[in-house]
Number of protein chains: 2
Amino acid sequence: MNTVIESKHRLERKPDKTRRLILEAAYQEIYHHGYQGMRLDVVLSATGLTKGALYHHFPNKQALGYAVVDEVIYGLVQQLWTQPLAASEEPLGTLIHFIGHIGEIFGPDIATYGCPVNNLAQEMSPIDEGFRIRLDQVYLKWRGDIQQALERAQRSGDLRGDLNCGHLANFVLASISGCIGAAKNAQSLEQLQNCGAMLVDYLQSLRTP
Amino acid sequence: MNTVIESKHRLERKPDKTRRLILEAAYQEIYHHGYQGMRLDVVLSATGLTKGALYHHFPNKQALGYAVVDEVIYGLVQQLWTQPLAASEEPLGTLIHFIGHIGEIFGPDIATYGCPVNNLAQEMSPIDEGFRIRLDQVYLKWRGDIQQALERAQRSGDLRGDLNCGHLANFVLASISGCIGAAKNAQSLEQLQNCGAMLVDYLQSLRTP
DNA sequence: TATTTTACATACCGACTGGTATGTTTTCCA
DNA sequence: TGGAAAACATACCAGTCGGTATGTAAAATA
C-alpha cells in the first residue's frame with residue numbers, strides 16, 4: 001500500500017543528515033534575519049522536523065548558533081576563498097577578479113542580505129563572547145588566505161615588495177566587507193560594483209611598475 | 001515637608017524634554033543591543049518613566065526606532081561630520097585626520113560597539129523598508145559631506161583632479177565602516193588603528209604630486 | 001531475537017514582551 | 001477660575017518563543 005511505503009520512507013533515520021539539514025536551515029534563517037531574529041519554529045518547519053529532533057542534536061539555541069559558525073560558515077569561507085586562492089597560479093589576479101565580480105561570483109543575494117560572516121559578526125561579537133571567538137577564527141583563516149595570496153604575488157614579482165601583506169590583507173578584507181555593507185544598505189548591486197571597482201583600482205596601483 | 005517638595009518635583013512635566021529623554025535612552029539601547037534586541041522596559045527603566053509616557057509620545061516600537069534615526073542618528077552625523085568638514089579650511093587634511101584618529105575622536109566605544117549608523121543599517125535595511133529609506137537618507141548626507149570636502153580639496157589643488165569624488169567618497173565611507181566593523185569583530189582598538197592607517201596611506205597617495 | 005539505546009514526534013509550560021485600557025495629575029485655555 | 005486636553009502612571013492582557021517532559025518507533029547491541 002502507498003501509505004505503508006510513505007510511512008516507511010518517512011521513518012528512515014539518518015542522524016547526521018538530519019543534523020546537517022537543521023544546520024543549513026538555521027544558517028539560512030540567520031543569514032536572512034540574524035541570530036536573534038532566527039525563530040526555531042521557522043527553522044523546524046523549513047526542515048519538516050520537530051522540536052524533538054532539534055533538541056536531540058543541539059542542547060539549545062545558542063549551541064545551534066555556534067555550530068552554524070563552526071560547521072557551515074567556516075566551511076563556506078574555505079570553499080569560496082581558501083581553495084580558489086590556493087589553487088590559483090596568479091593569486092593577485094584571482095583576488096582582484098573576485099573583488100571586481102563579487103556580484104556574479106556570489107550571487108545577487110550578497111547585495112540584498114550582505115556577507116553572512118560579517119552580518120553575524122556585527123550582530124553578535126559585542127554581546128556574546130562565544131560567537132566572537134568563533135567568528136574571529138573564521139576571520140583569522142580568511143585573512144590568512146588573502147595574506148598568503150598576496151605574499152605569493154610578492155614572491156612572483158606581481159606585487160610591490162615593500163608592502164606589509166598582513167596589514168594589506170586586513171585592509172582588503174575590511175574594505176570588501178564595507179563595500180558589501182554599503183550595497184546592502186542601498187539594496188543596490190550597482191553600488192557594489194562601483195565600490196568594488198574602486199578597491200580593484202587601488203590594488204592594481206600596488207602592482208610592481 | 002520633604003515629601004511634598006519631592007512629589008512636586010517629580011510631577012513637573014516637560015513633554016519635549018521627556019520625549020528627548022526616551023529617544024536618547026532608546027538610541028543607547030539600540031546601539032548596544034540592536035533594534036530587535038532593544039527592550040522597551042529597559043529603555044523606560046533607564047529613563048525612570050513608564051509605558052504611559054512612552055506610548056503617549058510614540059505609537060509603537062517601530063515609530064520609536066524611526067524617530068531615533070531621524071532625530072538622533074541624523075543629528076549625530078551632522079554634528080560629528082558635516083560641521084567639522086564644512087568648517088575646515090583644509091578639508092582633505094581634516095578628513096585624513098578623522099580617519100587616522102577615529103579611536104581618539106569618537107571614543108573607544110567605536111571599537112567595542114561599532115558605528116551606530118552602520119550597525120542599525122546592517123541589521124534593519126534588509127528586513128524593514130522604513131528603516132532602510134531613513135538610513136539611506138543619513139548615508140546620502142554623510143557621503144555628500146565627504147564628497148564636498150574632496151571636491152573642495154580638488155579645487156584648492158590638494159587632491160588629484162582626475163578623481164571622481166562621488167565614487168571616492170563612496171569608497172572611503174564604505175572602507176571606514178569596514179575598518180570599524182573589523183575592529184568590532186576583533187574587539188580591538190589596535191586593529192582599528194592599523195586599518196585606518198592603511199586607508200590614510202591610500203588617501204595620501206591621492207594628493208597632487 | 002530480546003533489549004537497550006538512539007532518534008525522533010507530540011504536547012505543554014513559563015517567562016518575556018509589545019501593546020492596551022484605565023486612572024490620575026498637571027497644564028492650558030476660554 | 002473651571003473645565004478640557006495633555007502628560008503621564010498603573011495594571012493587565014495576549015501572543016510569542018525557547019525550552020521541557022513524555023511517548024514511540026527505529027537502530028544498534030548483546
Side-chain angles (χ1 to χ4, degrees), chain A residues 1 3-26 29-30 32-68 123-124 127-128 130-131, chain B residues 1 3-26 29-30 32-68 123-124 127-128 130-131:
Chain A
M1 246 152 110
T3 52
V4 175
I5 293 170
E6 266 190 24
S7 74
K8 224 181 178 181
H9 189 265
R10 293 199 180 182
L11 292 173
E12 279 175 9
R13 291 181 171 176
K14 306 170 182 174
D16 42 354
K17 213 164 194 175
T18 299
R19 180 190 160 88
R20 188 71 199 173
L21 195 69
I22 296 172
L23 281 173
E24 306 265 10
E29 276 299 304
I30 290 176
H32 288 165
H33 302 295
Y35 170 78
Q36 300 183 82
M38 169 181 71
R39 305 300 167 204
L40 298 182
D41 292 350
V42 177
V43 172
L44 290 173
S45 69
T47 61
L49 296 164
T50 61
K51 291 204 166 173
L54 185 120
Y55 280 92
H56 175 73
H57 288 282
F58 305 96
N60 50 40
K61 182 183 178 180
Q62 189 183 50
L64 174 60
Y66 288 176
V68 166
E123 179 191 3
M124 298 307 295
I127 58 179
D128 189 298
F131 272 102
Chain B
M1 246 151 115
T3 52
V4 174
I5 294 170
E6 266 189 24
S7 73
K8 223 182 180 181
H9 189 266
R10 292 195 181 184
L11 293 172
E12 279 175 10
R13 291 181 172 177
K14 305 170 183 175
D16 41 354
K17 213 163 195 176
T18 299
R19 180 190 160 89
R20 188 70 198 175
L21 195 69
I22 297 172
L23 281 173
E24 306 265 10
E29 276 298 305
I30 290 176
H32 288 166
H33 302 293
Y35 170 77
Q36 300 184 83
M38 168 181 72
R39 305 298 167 205
L40 298 182
D41 292 350
V42 177
V43 172
L44 290 173
S45 69
T47 61
L49 295 165
T50 60
K51 292 205 165 173
L54 188 126
Y55 281 92
H56 175 73
H57 288 281
F58 305 96
N60 50 39
K61 182 182 178 181
Q62 189 183 51
L64 174 60
Y66 289 176
V68 166
E123 180 191 3
M124 298 307 295
I127 58 179
D128 189 299
F131 272 103

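Chain naming here is simple, since letters A, B, ... match the order of the sequence lines and numbering starts at 1 in each.
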**Study point:** hbond_proxy A/Arg39 side chain to D/dT16 base (donor-acceptor, 3.5 Å cutoff)
**Key:** no
Interatomic distance, [X] atom [atom1] to [Y] atom [atom2] [nearest 0.5 angstrom]:
X: A/Gln62; Y: A/Met124; atom1: CD; atom2: CE; answer: 7.5 Å
X: A/Asp128; Y: A/Gln36; atom1: CG; atom2: CD; answer: 9.5 Å
X: A/Glu24; Y: A/Thr47; atom1: CD; atom2: OG1; answer: 12.0 Å
X: A/Thr50; Y: A/Asp41; atom1: OG1; atom2: CG; answer: 10.5 Å
X: B/Arg19; Y: B/Ile22; atom1: CZ; atom2: CD1; answer: 8.5 Å
X: B/Leu21; Y: B/Leu54; atom1: CG; atom2: CG; answer: 11.0 Å

Review point. OP1, OP2 of C/dC8 versus side-chain N and O of A/Thr18: anything below 4.0 Å?
Key: yes
Starting at [atom1] of [X] and ending at [atom2] of [N], how long is that distance when rounded to a whole Å?
X: A/Glu12; N: C/dT6; atom1: CD; atom2: C1'; result: 16 Å
X: A/Asp16; N: C/dT6; atom1: CG; atom2: P; result: 15 Å
X: A/Lys61; N: D/dG18; atom1: NZ; atom2: P; result: 5 Å
X: B/Asp41; N: C/dG19; atom1: CG; atom2: P; result: 11 Å
X: B/Arg20; N: D/dA7; atom1: CZ; atom2: P; result: 17 Å
X: B/Leu44; N: C/dG18; atom1: CG; atom2: C1'; result: 11 Å
X: A/Arg13; N: C/dC8; atom1: CZ; atom2: C1'; result: 4 Å
X: B/Phe58; N: C/dT20; atom1: CZ; atom2: P; result: 16 Å

Study note, to complete from the structure: What one should report as the nearest heavy-atom pair of B/Gly130 and B/Tyr66 is CA-OH, 3.3 Å
Check your understanding: Given B/His33 and B/Val42, is the side-chain contact (heavy atoms from CB on, under 4.5 Å) satisfied, shown in steps?
Key -> CA-CA 11 Å; B/His33 302 293; B/Val42 177; over 6 Å; no
**Study point:** Backbone of A/Tyr35 reached by a side-chain donor or acceptor of A/Lys61 within 3.5 Å
**Key:** yes
Heteroatom pairs (N/O) under 3.5 angstrom, protein to nucleotides 28-30 of chain C:
none

Study note, to complete from the structure: In numerical order, the residues of residues 46-57 of chain A whose heavy atoms come under 4.0 Å of DNA chain D are A/Lys51, A/Tyr55
